[in-house]
Amino acid sequence: MLRFMNTLCFATLPGDGIGPEVVDVSLRVLKALADKRNFNFETSYHDVGGIGIDNHESALPESTLIACRQSDAILFGSVGGPKWENLAPDKQPERAALLPLRREFELFANLRPGTLYPELSGISPLRSDIVKRGIDVLCVRELTGGIYFGKPKTRKILANKETLAIDTMTYQTKEIERIIEVAVQAASLRSGRLCSVDKANVLETSILWRQVVSEHVARIDPSIELSHMYVDNAAMQLVRDPNQFDVIVTENMFGDILSDELAVICGSLGMLASASLGADRNSMGLPFGLYEPAGGTAPDIAGKDVANPCAQILSAALMLRYSFGMEEEAETIESAVKQTIRAGFRTIDVAQGGKSIGTQEMGQAIIDHLG
Ligand code: IPM
Ligand code: MG
């Protein structure tokens with residue numbers, strides 16, 4: 001293979017709060033792996049979120065968008081913080097950066113693995129008998145449709161002077177089919193079990209969702225063990241017995257809520273990665289994607305070298321897997337994180353009152369476990 005074929009090109013958007021410091025550690029891990037495995041990467045840094053507002057008067061500056069368009073993937077930190085909390089909701093960094101990015105790159109498939117290593121089962125708020133063997137559930141969330149983006153989305157004053165606000169939930173067959181394809185593929189690489197979550201006892205979109213899911217799964221992979229569950233029941237079952245699920249697939253709003261629930265039962269947001277895959281292919285012929293940790297900016301601990309870098313590092317691993325087709329390298333990072341935890345290294349969020357180390361040190365421990 002020619003040397004230049006081994007160069008990965010992605011845009012780095014560190015954002016706010018702990019974003020820059022955990023992104024920095026994740027790039028150190030990537031660099032260490034690249035040196036071991038004989039590949040290169042090229043990346044450039046761009047403002048997004050609050051720092052975008054401060055430096056360019058936009059949470060998603062045009063220069064950042066251009067850089068993303070020229071890349072094969074986006075490594076994203078996190079956005080938001082108290083400094084920008086008083087802005088109008090649609091100007092707040094989270095919404096004004098993330099939603100336009102999802103729309104611009106049609107990032108329709110959001111993969112949120114909920115993983116709790118058995119060694120950390122004590123950090124879950126769930127009873128120890130429920131989680132003693134850890135948790136391993138993948139939530140596949142549709143990310144560019146439903147009530148987030150449906151039109152009309154508006155507010156009006158009625159004749160009686162009441163204010164009416166409207167959000168609209170829409171789904172088309174093809175939007176459901178494409179997310180199901182991602183979920184089916186993920187399920188077939190795991191246990192083959194897929195649970196589709198909807199509200200088909202009430203919502204028209206959910207009735208269509210359930211029908212399309214059943215027909216499409218039967219068409220593309222009849223070996224998948226498919227089940228359907230109403231969202232209220234799913235929310236309950238997740239805390240009752242999370243491991244009854246393997247892969248969950250659901251629409252945008254339900255996925256937003258269930259993935260937070262899954263995150264909290266896994267104990268620390270500092271451990272959870274995510275991938276948002278686009279409809280378009282990158283220059284490698286693989287999905288363009290945005291990779292970000294689940295945890296947010298944690299402004300209270302920003303700049304103190306205490307944040308857990310694992311979620312960001314695991315997000316970089318997902319980037320290798322999905323946008324660069326580097327399964328082995330992705331697994332190497334994931335297994336290094338697991339071994340590091342197994343060896344007893346902990347940042348404060350997962351230390352359960354025991355000895356803890358800082359962000360940089362945790363990154364170094366993971367690099368030392370790269371094998
Ligand atoms: C998420 C977040 C976003 C969402 C917000 C910040 C717009 O909660 O990624 O889950 O609702 O999708
Ligand atoms: Mg959310």
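Start at 1 and go down the list; that is how both ligands and their atoms are numbered.
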Atom 5 (C) of ligand 1: any protein heavy atom closer than 4.0 Å
no
What I'd like to find out is whether the side chain of T359 reaches to under 4.5 Å of the side chain of V22, using heavy atoms alone.
yes
Identify whether NZ of Lys or CZ of Arg in R103 sits under 6.0 Å from the centre of the six-membered ring of F108 and within 45° of that ring's axis.
no
of all protein heavy atoms, closest to atom 7 (C) of ligand 1 is L99 CD2, 4.0 Å
Can you tell if the side chain of H56 reaches within under 4.5 Å of the side chain of S63, non-hydrogen atoms only?
yes
Applying salt bridge (charged side-chain N to carboxylate O under 4.0 Å, His left out) to R95 and D90, what does each step give before you reach the verdict?
CA-CA 6 Å; R95 200 168 137 187; D90 62 335; 5.6 Å; no
How far is atom 11 (O) of ligand 1 from its nearest protein heavy atom, and which residue and atom is that?
Y148 OH, 2.5 Å
Between E292 and ligand 1, which part of the residue brings a heavy atom under 4.0 Å of the ligand: side chain, backbone, both or neither?
neither
Applying a 4.0 Å heavy-atom criterion (strictly less than), which segment of Q92 is in contact with ligand 1: side chain, backbone, both, or neither?
neither
Can you list the atoms of ligand 1 that are under 4.0 Å from a heavy atom of R141?
1 (C), 4 (C), 9 (O), 10 (O), 11 (O), 12 (O)
Could you identify the single nearest non-hydrogen protein atom to atom 1 (C) of ligand 1 and state the distance to 0.1 Å?
R112 NH2, 3.3 Å
Checking Q352 against R346 for the side-chain hydrogen bond (donor to acceptor under 3.5 Å, both in side chains) test, could you report, in this order, the C-alpha distance in whole Å, the side-chain angles of both residues, the deciding distance, and whether it holds?
CA-CA 9 Å; Q352 298 174 265; R346 304 277 190 272; 5.3 Å; no
Among protein heavy atoms, which sits nearest to atom 10 (O) of ligand 1, and what does the distance come to when rounded to 0.1 Å?
D256 OD1, 2.9 Å
Looking only at heavy atoms, is any part of R102 under 4.0 Å from ligand 1, and if so is it the side chain, the backbone, or both, or is it neither?
side chain
Of I176, L226, L194, V217, the one forming a side chain to side chain contact (heavy atoms under 4.5 Å, CB included) with V249 is L194
Measure up the F105 and F288 rings against each other and bin them: parallel (under 30°), tilted (30 to 60°), perpendicular (over 60°).
parallel
R190 atom CZ, over 12 foreign heavy atoms within 6.0 Å
yes
Could you tell me, atom by atom, which parts of ligand 1 come under 4.0 Å of a heavy atom of E94?
6 (C)
Do other residues, nucleotides or ligands put more than 12 heavy atoms under 6.0 Å from the NZ atom of K91?
no
Sorted by chain and residue number, which protein N/O/S atoms are under 2.8 Å from the Mg ion (ligand 2)?
D256 OD1
Decide if atom CG of N201 counts as having more than 12 heavy atoms of other residues, nucleotides or ligands within a radius under 6.0 Å.
yes
With a 4.5 Å heavy-atom cut-off, do F345 and V337 have their side chains touching?
no
